[in-house]
Amino acid sequence: QPATAASAGARTLVGVCAAPGVAVGTLVHWSDAEIVPPELASGSLSAESRALDKAIAAVDAELNSAVRAASQRGAIGEAGIFTMHRVLLEDPTLVDAARDLISLGKSAGFAWREAIRAQIAVLGKVDDPLLAERAADLRDLEKRVLRLLGYANTAARTLPDEAVLAADEFTPSDLATLDRSRVTALVMARGGATSHAAIIARQAGIAALVAVGDALHTIPDGTQVVVNAGEGQLAYAPSALDIEHARSERLRLEGVREANRLTSQEAAATRDGRAIEVAANIATLDDANAAVDNGADGVGLLRTELMFIHRQAAPTVEEHRQSYQAIADALAGRTAIIRTLDVGADKEVDYLTLPPEQNPALGLRGIRLAQVRPDLLDDQLRGLLAVRPAGAARILLPMVTDVGELVRLRARIDSFARELGRTEPIEVGVMIEVPSAALLADQLAQHADFFSIGTNDLTQYTLAMDRCQPDLAAQADGLHPAVLRLVAAAVQGAEKHGKWVGVCGALAGDPLAVPLLVGLGVTELSVDPVSVPAIKARVRNLDWQQCRQRAQDALALESAQAVRALSTAVWPLD
Ligand code: PEP
Ligand code: MG
């Protein structure tokens, strides 16, 4: 990308793109000093207790207005995050733990901080990414309540125009208190592309770069920088020419985004007529509306984990049905692929009394949970089968390893359908996210209606790299040739039996991956709702025959970097 490449004089740090965009600005270190309240209470027990109640109530009100403001701006995902924070804030175990400490003579602030930390310690033992996010949410609530208890250094930072904010990692409340009109990019030393800060940045259209490393902290405050998030670069000490190029690039990208939106409601096909469905990954009804708004052809992955956590008991059949029906209605005729529960042996789900696991990523995850708690899955399947019209919902099974699991589950689904008096068949798909499933794809395809490749887990398990480990964020790349060969194997297996293959992992929304996935025979890409317009536009610029040839070339390469270089050379980014 010669238009934005930094000149030789500029120094660069490399990170991972969390929200695309190009920005020029002044680096500001967003200090995130820990707040340590005094341990002992200064007032009476009841005064400390009242202070805590008041602070919690005030935070709740703050969050409520954050939800409303975000909804009004159309930032649906962000509204969802703050809604979740309100739920966490009301968690009786948290508040009770804090009260117990107050009754031992601790200050309200200390008690709150300890109660939060105890919960984080529990979550820290589990490597489910959703739960890792919960820990970040809790840290955020810790700060909010402490600030309202008067402990925080709330001196409002005056930001320069065009601030590029740097931090180890941002929390949603950091971002909520910012003057966004002044922020042009976020850069994090740690963090992942799926963190809440990344989601907020994407929805706000602010460029964001994560996993830049500790070198970020050595760049002095006030340094002028150029961020090219799409290319994973932060250039400091850029030349005047670099800056000028970056500014014009930014304007050009804004124009492209606008143009993509104009055609986002139309179906996408390559120039030579290969139709590619571009669907959305969602978790809530709000997301479903965002998907429709952004032109998604359907929902390629509804993650249902949110239905199960933060409750006292598992959802009933009727609760399942209602949630899915509301989403199906919002999709107005588009299809939703609904994935069955995919949590591990996590402690967050209080009513799941599962034994702790040494290695939850390799434990009772996904469909394996049914081995110990079949009732959870059965109720979910019954709810799913009741969605109307019959074709509105398809079932997707996570973490399938071999055909035996699929055959058993299909039989179960069929018997529930009979029980419900349902005569229409329901499509059942399999997630290809474990290497064994990709290798046995031809066997699975005999019994599945479709495949959806979960490249997040498929990459993790193929490369033996934890998807939540920030130091591996750059290496755990789904464009690794080994992962692509498994994608190819999955498609070949499916095609043998005339079944279709989609991709619902984050790779589907990576513009450099799109031509290769399409070239390997994938016909559906399921991405973040906000990414739908750009991915449709990308598809429309491709030539399928060329994609097919070049994808074969990519399979012979030796590294993910080599694959990225090939893709960038053949299909330059916008
Ligand atoms: C995946 O593994 O790629 C996937 C889509 O599922 P999740 O990210 O929910 O594990
Ligand atoms: Mg997965």
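Note that ligands are numbered from 1 as they come in the structure, with each ligand's atoms numbered from 1 the same way. This structure is a prediction, so every number in the text was calculated from the model and none was measured.
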| field | ligand 1 versus M399: contacting region, heavy-atom distance under 4.0 Å | value | neither
| task | Looking at D457, pick out the N, O or S atom nearest to the Mg ion (ligand 2) and give its name. | result |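 Among the N, O or S atoms of D457, the one closest to the Mg ion (ligand 2) is OD2.
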| task | Would you check if L301 and I337 make a side-chain contact, meaning some heavy-atom pair closer than 4.5 Å? | result | no
| message | When you compare the side chain of L409 with that of L397, does any pair of heavy atoms fall below 4.5 Å? | response |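 Sidechains of L409 and L397: in contact.
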| task | Determine whether any heavy atom of M431 lies closer than 4.0 Å to an atom of ligand 1. | result |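 True for this residue.
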| Contact with ligand 1 for Q460, non-hydrogen, under 4.0 angstrom | no
Using a 4.0 Å cutoff against the non-hydrogen atoms of [X], which atoms of ligand 1 qualify?
X	value
R303	4 (C), 5 (C), 6 (O), 7 (P), 8 (O), 9 (O)
C504	5 (C)
L301	5 (C)
G454	1 (C), 2 (O), 3 (O)

| field | N/O/S atom of E433 inside 2.8 Å of the Mg ion (ligand 2), strictly under | value | yes
| task | Let me know which of T401, T462, V400, D457 forms a side chain to side chain contact (heavy atoms under 4.5 Å, CB included) with V434. | result | T401
Side-chain donor/acceptor pairs under 3.5 Å, residues 477-494, sequence neighbours excluded:
unit_1	atom_1	unit_2	atom_2	d
D477	OD1	L479	N	2.8
D477	OD1	R564	NH2	2.9
D477	OD2	R564	NE	2.6
D477	OD2	R564	NH2	3.3
H480	ND1	A482	N	3.0
R485	NE	L555	O	3.1
R485	NH2	L555	O	3.0

| query | From E277 CD over to K536 NZ, what is the distance, rounded to the nearest 0.5 angstrom? | reply |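 Rounded to the nearest 0.5 Å, the CD-NZ separation comes out at 9.0 Å.
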| query | Do Q443 and D402 have a side chain donor and acceptor closer than 3.5 Å? | reply | no
| Close N or O approach (R365, ligand 1; < 3.5 Å) | no
| query | Are the aromatic ring centres of F451 and H497 under 6.0 angstrom apart? | reply | no
